[in-house]
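Both ligands and their constituent atoms are indexed starting at 1 by order of listing. These numbers come from a predicted model, not from an experiment. Residue numbers start at 1 and run along the sequence shown.
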Amino acid sequence: MQEDNYRHKGMRKLLVEELRNKGISDENVLHAINNVPRHAFLDSSFLDFAYQDKAFPIGSGQTISQPYTVAFQSSLLEIQKNMKVLEIGTGSGYQACVLAEMGAKVFSIERQRKLYMKTKAFLSEFRYHIKTFLGDGNKGLPTFGPFDRIIITAAAPEIPQTLIDQLKIGGMMVIPLSENDDHQTMLRLTKQEDGSMKRETYGDFRFVPMLEGVGND
Ligand code: SAH
């Protein structure tokens, strides 16, 4: 684990102010972003990029999401302590750590084998107890559900019914749904008493695609 010094902490404070200026107002989310050392998720030579509000390549053709996107999705989830949260697309593990820092019990699935192995080892150095799984997120984790919250961090071609089935009544799913190859609309779906889904639509975002099966990268 790379050290977390005053310079890093100072850069993080500036990032938090930038997110505030861009409209993120959930103090729990901002507090978590202020506490998770994003630079540790990138190679040390990329320090100057770690606290810019930009997505960044992390290997295996994947990216660590833009801080604004992480903050936006985390805000929509309205996390309370000890909620069970399922994440699809572990990637670097950064989003999972932000949710864990907010007090969630995080279960996260990644489909790329090498990335899964690397991130699993890396996350074990943190004090968070994030449970990571190699697999196709479309299938969810039936034996660990139902979940209070589900967050999809890849561009979904459709709303996976299997994941809806693993959501508690009153539970929420935040999903970037593909409109075309170029961008996704952020949706928040809330499961009603009768099993139907309330649908709220947020802005346009850009994610790497949600694919099927397991890959070796
Ligand atoms: N949450 C990540 C960002 C991930 S980028 C972070 O904070 O860094 C999206 C990730 O979703 C990629 O790692 C990609 O391999 C993964 N992914 C795509 N389709 C998937 C699927 N069906 N199941 C699980 N992971 C998937």
Side-chain angles (χ1 to χ4, degrees), residues 15 19 29 32-33 35-43 46 49-77 79 85-102 104 106-123 126 128 130-142 144-145 147 149-164 166 173-178 181 183-184 186 205-217:
L15 172 63
L19 295 176
V29 171
I33 297 222
N35 284 351
V36 178
R38 191 170 190 260
H39 67 277
F41 294 75
L42 305 178
D43 192 277
F46 297 133
F49 297 93
Y51 295 109
Q52 290 180 17
D53 188 22
K54 288 187 182 143
F56 205 78
I58 53 170
S60 306
Q62 303 304 329
T63 54
I64 177 169
S65 295
Q66 184 181 345
Y68 177 78
T69 305
V70 171
F72 194 88
Q73 286 195 290
S74 302
S75 301
L76 287 182
L77 285 173
I79 297 292
V85 180
L86 173 63
E87 178 190 36
I88 311 303
T90 315
S92 67
Y94 178 66
Q95 170 75 75
C97 284
V98 168
L99 295 172
E101 176 68 32
M102 292 173 72
V106 184
F107 300 73
S108 185
I109 311 177
E110 172 57 53
R111 68 176 288 281
Q112 293 288 18
R113 194 180 303 272
K114 278 193 202 124
L115 184 58
Y116 159 79
M117 298 290 284
K118 185 175 157 198
T119 301
K120 184 185 173 72
F122 172 68
L123 289 178
F126 284 84
Y128 312 121
I130 295 163
K131 294 187 178 63
T132 53
F133 300 83
L134 174 67
D136 182 349
N138 286 292
K139 301 196 173 104
L141 293 172
F144 293 89
F147 297 94
R149 301 286 187 260
I150 298 179
I151 172 174
I152 301 185
T153 68
E158 58 189 11
I159 299 167
Q161 183 58 42
T162 313
L163 297 184
I164 297 281
Q166 293 175 28
M173 178 191 287
V174 171
I175 171 171
L177 189 65
S178 287
D181 288 348
H183 68 104
Q184 296 85 45
M186 194 65 78
F205 288 83
R206 226 165 276 237
F207 286 83
V208 298
M210 182 168 176
L211 303 173
E212 290 188 3
V214 170
N216 281 319
D217 276 357

Taking the six-membered ring for Trp, are F56 and F41 ring centroids under 6.0 Å apart?
no
Examine the proximity of ligand 1 to T153 and report which part, side chain or backbone, both or neither, has a heavy atom under 4.0 Å away.
both
Of the non-hydrogen atoms in Q112 and N216, which two are nearest, and what is the gap between them?
OE1-N, 3.5 Å
Give me the residue, atom name and distance of the protein heavy atom closest to atom 23 (N) of ligand 1.
G137 N, 2.7 Å
What one should report as the nearest heavy-atom pair of P160 and I175 is CD-CD1, 3.8 Å
Who's the nearest protein heavy-atom neighbour of atom 19 (N) of ligand 1, and how far?
L211 N, 3.0 Å
Report the part of Q62 in contact with ligand 1, treating N, CA, C, O as backbone and CB onward as side chain, heavy atoms under 4.0 Å; options are side chain, backbone, both, neither.
side chain
If the cut-off is 4.0 Å to any non-hydrogen atom of T63, which atoms of ligand 1 fall inside it?
3 (C), 4 (C), 5 (S), 8 (O)
Kindly assign one of parallel, tilted or perpendicular to the pair F122 and F126, based on the angle between their ring planes and the thresholds 30° and 60°.
perpendicular
Specify the protein heavy atom at minimum distance from atom 11 (O) of ligand 1: its residue, its atom name, and the distance to 0.1 Å.
G89 CA, 3.1 Å
Looking at L115, which atoms of ligand 1 are within less than 4.0 Å of one of its heavy atoms?
13 (O)
Aromatic plane relationship, F205 with Y68 - under 30° parallel, 30 to 60° tilted, over 60° perpendicular:
parallel
protein heavy-atom neighbour closest to atom 15 (O) of ligand 1 works out as E110 OE2, 2.6 Å
In terms of atom number and element, which parts of ligand 1 are under 4.0 angstrom from non-hydrogen atoms of I88?
23 (N), 24 (C)
Enumerate the atoms of ligand 1 whose separation from the nearest heavy atom of N138 is less than 4.0 angstrom.
22 (N)
For atom 25 (N) of ligand 1, what's the nearest protein heavy-atom neighbour? Residue, atom name and distance, please.
R111 N, 3.3 Å
Proximal atoms of ligand 1 relative to G135 (non-hydrogen, under 4.0 Å):
23 (N), 24 (C)
Heavy-atom side-chain proximity of L141 to F147 below 4.5 angstrom
yes
Under 4.0 Å, heavy-atom basis, I'd like to know which part of V70 is in contact with ligand 1: side chain, backbone, both or neither.
neither
Please state which protein non-hydrogen atom is closest to atom 18 (C) of ligand 1 and give its distance, to 0.1 Å?
P209 O, 3.5 Å
Between E87 and ligand 1, which part of the residue brings a heavy atom under 4.0 Å of the ligand: side chain, backbone, both or neither?
side chain
Considering A96, S92, A156 one by one, which has a heavy atom nearer to atom 8 (O) of ligand 1 than any of the others?
S92
Would you mind checking which non-hydrogen protein atom is closest to atom 7 (O) of ligand 1, with the distance to 0.1 Å?
Q95 N, 3.0 Å
